[in-house]
Q: 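This structure is in structure tokens; I'll ask about it shortly.
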Protein chains: 2
Amino acid sequence: MPLSLDALERRVAGSGHRITAPRRTLLGSMQQLGDHFTAEELAAAAPSVGRATVFRTLRLLQEIGTVCQVILDDGTLEYRLASGGHHHHVVCSACGAVDDFANADIEALLGALASLTGFTIEAHRLELYGRCARCTAPLAATETTAS
Amino acid sequence: MPLSLDALERRVAGSGHRITAPRRTLLGSMQQLGDHFTAEELAAAAPSVGRATVFRTLRLLQEIGTVCQVILDDGTLEYRLASGGHHHHVVCSACGAVDDFANADIEALLGALASLTGFTIEAHRLELYGRCARCTAPLAATETTAS
DNA sequence: ACCTGATTGACACGATGTCTCAGTTACGCT
DNA sequence: AGCGTAACTGAGACATCGTGTCAATCAGGT
């Protein structure tokens, strides 16, 4: 749990938005849901909050950089409390774990791609899919463990 | 127009699927729609084909690698006749142009990221957003691009 | 305590895609 | 050429995910 509820609330307040009971509830639920969650899971975890508010709050938190989207392998969306700053995701296709990473090499590569394509790159998405260390190991040893 | 209708049909047939009138219609419409199109545009361009079939065919063509998805900046999906093979997209946020590119450096970088994250990378998505050469030029004249 | 705009919940709506199912069709086989 | 069968199709109901509307409520500066 890298971010306290307090810190999250301060981020909301600091961005010029109000701290309300539903928002507090949602922030708390997000922490309890852990690493990553769908909008639906969040709505289910906070039944006292209206669906529209769940989506509105998710959008707000994305705008202020407190939450980020993860696009899964199959194209579905999950959300995740962001540690902050620009980063990318690695998603384990076996256990669903999501990790962040930021890599200067990628940003450098984008510069090269800019001249290659003639585009001025303004933004990008990069998502990696694979198996995390924990899920790779048992697979190599005995193929029975998984799924 | 790199791929003839014939070539497209042969790809479908070659993958063990039938050539039917709706599929032929859709392939033709895709070519006429040009570079990239939404499912809805395709459905509108081929009104004789049922909506379900449009989506089914898009899925089929994705599976056999004839069509690929482009995730736009705002998260919406477009489709595109794939030149084939693994590649990435650059999307112009001004005119909507979509370009492909494949880059060995990226694949190399993924190897480095694998050891960095401990993941075994199996797949990835990379989409770039920016302005194509044509859209960058007039902008540079009037206003200096930043960020 | 008061004011006022931000926020909310309920629900209708919209966009995008899938499922079902009875009817049709491609195409390998004879 | 004719047949049989599994693949395919269209129509429309349904599922999922998210947004718009609007009257009621609330946070937080004064």
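Throughout, a chain's letter reflects where its sequence line sits, starting with A, and its residues are numbered from 1.
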Q: Looking only at side-chain N and O atoms, does A:Y79 come under 4.0 Å of OP1 or OP2 in D:dC17?
A: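 The answer is no; no side-chain N or O of A:Y79 sits under 4.0 Å from OP1 or OP2.
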
Q: What is the distance, to the nearest angstrom, from the CG atom on A:L27 to the P atom on C:dT7?
A: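 That distance rounds to 13 Å.
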
Q: Heavy atoms, side chains only, cut-off 4.5 Å: are A:L110 and A:E107 in contact?
A: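 SC-SC contact between A:L110 and A:E107 confirmed.
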
Q: Do you know the tightest heavy-atom contact between A:R11 and A:A82?
A: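 Smallest interatomic distance, heavy atoms only, reads NH2-O, 3.5 Å.
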
Q: Which of these nucleotides, D:dG28, C:dG9, D:dT19, is closest to any side-chain atom of A:I19?
A: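 My answer, after comparing the listed nucleotides, is D:dG28.
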
Q: Do A:R18 and A:E9 sit within salt-bridge range, that is, some charged N less than 4.0 Å from a carboxylate O?
A: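 Result for this pair is no, no salt bridge flagged.
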
Q: Specify the separation, in whole Å, of atom CD of A:E41 and atom P of D:dT16.
A: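 One finds 14 Å between P of D:dT16 and CD of A:E41, rounded.
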
Q: Let me know, please, whether B:A52 or A:A21 comes out on the 5' side of the other along DNA chain C by nearest nucleotide.
A: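 So the residue in question is A:A21.
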
Q: Expressed as a whole number of angstroms, how long is the span from A:E40:CD to D:dA15:P?
A: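 After rounding, the reported distance stands at 14 Å.
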
Q: Flag the pair A:H86 / A:H124 as yes when their ring centroid distance falls below 6.0 Å, and as no otherwise.
A: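 Ring-ring flag for A:H86/A:H124: true, centres closer than 6.0 Å.
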
Q: To check you understand the geometry: which heavy-atom pair defines the closest contact between A:L8 and A:T66, and what is its length?
A: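 Scanning both residues, the minimum pair turns out to be CD2-CG2, 3.7 Å.
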
Q: Does the side chain of B:F119 reach to within under 4.5 Å of the side chain of A:D99, using non-hydrogen atoms?
A: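 Touching, per the 4.5 Å side-chain cut-off.
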
Q: Between the axis at one end of the helix from C:dA1-D:dT30 to C:dT30-D:dA1 and the axis at the other (five pairs apiece), what's the angle to 10 degrees?
A: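 It works out to 40° between the end axes.
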
Q: Can you tell me the distance, in whole Å, between the CZ atom of B:F55 and the P atom of D:dT9?
A: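 Interatomic distance, CZ of B:F55 to P of D:dT9: 15 Å.
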
Q: For B:F37 and C:dT16, give me the distance from atom CZ to atom C1', rounded to whole Å.
A: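 Roughly 16 Å, once rounded to whole Å.
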
Q: Between OH of A:Y79 and NE2 of A:H36, what distance do you get to the nearest 0.5 Å?
A: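 So the gap between those two atoms works out to 15.0 Å.
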
Q: Would you indicate whether the side-chain heavy atoms of A:L77 and A:T38 approach each other to under 4.5 Å?
A: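 A:T38 vs A:L77: side chains apart.
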
Q: Could you list, one pair per line, each protein nitrogen or oxygen that sits under 3.5 Å from a nitrogen or oxygen of nucleotides 28-30 of chain C, together with the distance?
A:
none

Q: Is the closest side-chain donor-acceptor distance between B:D6 and B:S4 under 3.5 Å?
A: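 Checked: B:D6/B:S4 side chains show no N/O donor-acceptor pair below 3.5 Å.
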
Q: Quickly work out the A:R59 CZ to C:dT8 C1' distance and round it to whole Å.
A: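 Those two atoms, CZ and C1', are 14 Å apart.
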
Q: Please tell me if the side chains of B:V67 and B:R59 come closer than 4.5 Å, counting only heavy atoms from C-beta onward.
A: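 No - every pair of side-chain heavy atoms lies 4.5 Å or more apart.
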
Q: Regarding B:A39, tell me which of base, sugar-phosphate or nothing describes its non-hydrogen contacts under 4.0 Å with the strands shown.
A: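 Contact class for B:A39: sugar-phosphate only.
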
Q: Select one nucleotide: of D:dC8, C:dT8, C:dA10, the one nearest the side-chain heavy atoms of A:T53.
A: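 My answer, after comparing the listed nucleotides, is C:dT8.
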
Q: In terms of heavy-atom contacts, does CD of A:Q62 have more than 12 from other residues, nucleotides or ligands at under 6.0 Å?
A: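 Result for CD/A:Q62: enclosed.
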
Q: In terms of side-chain geometry, is the basic nitrogen of A:D73 or B:R125 positioned less than 4.0 Å from the acidic oxygen of its partner?
A: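 Result for this pair is no, no salt bridge flagged.
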
Q: How would you label the contact of A:T76 with the nucleic acid (heavy atoms, under 4.0 Å): base, sugar-phosphate, or nothing?
A: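 Answer is nothing: A:T76 stays at 4.0 Å or more from every strand.
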
Q: Give me, pair by pair, the N or O atoms of the protein and of nucleotides 21-25 of chain C that are less than 3.5 Å apart, along with how far apart they are.
A:
none

Q: Have a look at A:T25 and say if it touches a base, only the backbone sugar-phosphate, or nothing, with a 4.0 Å heavy-atom cut-off.
A: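 It contacts nothing in the nucleic acid.
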
Q: Using atom CD1 of B:I71 as one end and atom P of C:dT16 as the other, report the distance to the nearest whole Å.
A: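 My rounded result for the distance is 15 Å.
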
Q: Find the distance A:E63:CD to D:dT19:C1' and express it as a whole number of Å.
A: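 Checked: the CD to C1' distance equals 14 Å.
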
Q: Out of C:dT16, D:dC17, D:dG12, which has the shortest distance to the side chain of B:R51?
A: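 It is C:dT16.
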
Q: Side-chain N or O of B:H17 versus OP1/OP2 of D:dC8: is the shortest distance under 4.0 Å?
A: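 Yes, such a contact exists.
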
